[in-house]
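So the structure is just underneath, and the comments pick up after that.
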Amino acid sequence: SSRCRFNCCLLLLVSHDLQGGLDLFLRLIRSSMDKSLHSPLLLPSLWGLRNLTHSNRVIMTKLGRRGGMELLLEVIRR
C-alpha cells in the first residue's frame, strides 16, 4: 500500500540519523493532530516511530525527554 511505501521510505531516510528521525516523526504526529486525527500522515508516522524506537533504549529515552510519551497519550485520548 502507499502508506507502507511511505513508512519504508521514511525509515530508510532516518536510518542514518536516528535523532533526526525521532524529531521528524514527532513533528509529523504533532502536525497531524493539529489538523485532524484523520490525517493520512498520522498512522504511518506512528508506525515509523514505533519501528524507530523498537529495541533501541537510547531512542526510547530521547523520546521520553522530548515529550513523546505525552504526545502518544494525547493521540490515544483522542
Side-chain angles (χ1 to χ4, degrees):
S1 77
S2 62
R3 285 184 183 176
C4 182
R5 284 190 297 271
F6 171 81
N7 199 15
C8 290
C9 288
L10 279 179
L11 282 174
L12 286 173
L13 289 172
V14 302
S15 63
H16 299 290
D17 180 12
L18 298 179
Q19 176 86 28
L22 176 63
D23 293 336
L24 172 67
F25 285 126
L26 290 176
R27 273 186 263 136
L28 285 170
I29 293 167
R30 280 189 186 103
S31 69
S32 294
M33 288 182 59
D34 289 343
K35 295 174 185 171
S36 165
L37 283 179
H38 301 291
S39 169
L41 292 178
L42 183 58
L43 187 58
S45 299
L46 289 168
W47 272 108
L49 183 62
R50 178 256 179 225
N51 292 338
L52 187 69
T53 58
H54 182 72
S55 296
N56 189 328
R57 292 192 185 274
V58 172
I59 294 296
M60 285 184 218
T61 300
K62 290 180 180 185
L63 174 70
R65 289 182 182 156
R66 286 181 170 68
M69 296 309 294
E70 291 81 5
L71 179 63
L72 293 174
L73 288 171
E74 188 177 337
V75 170
I76 292 168
R77 281 187 214 121
R78 291 185 179 194

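Source: prediction; values computed, not measured. Residue numbers run from 1 in the order of the sequence given.
The minimum heavy-atom distance between P40 and P44, with the atom names listed, is O-CD, 3.3 Å. Scanning all heavy atoms of the two residues, the minimum distance from L52 to G21 falls at CD2-C, 3.6 Å.
Remark: S31 OG to L41 CG distance equals 6.5 Å, nearest 0.5 Å. Here T53 contributes atom OG1 and F25 contributes atom CZ; the two are 10.0 Å apart, rounded to the nearest 0.5 Å. Atoms CZ and NE2, from R50 and H54 in turn, are 5.5 Å apart once rounded to the nearest 0.5 Å.
With hydrophobic clusters built from ILVMFWY side chains whose heavy atoms lie under 4.5 angstrom apart, V75 shares a cluster with L22.
Taking 4.5 Å as the limit, every side-chain heavy atom of L28 sits out of range of all side-chain heavy atoms of L42.
By the side chain to side chain contact (heavy atoms under 4.5 Å, CB included) test, M69 is found to be paired with L63, L72, residues two or more places apart in sequence or in another chain being considered. Take R30 and apply the side chain to side chain contact (heavy atoms under 4.5 Å, CB included) test, not counting sequence neighbours, and it matches L26, L71.
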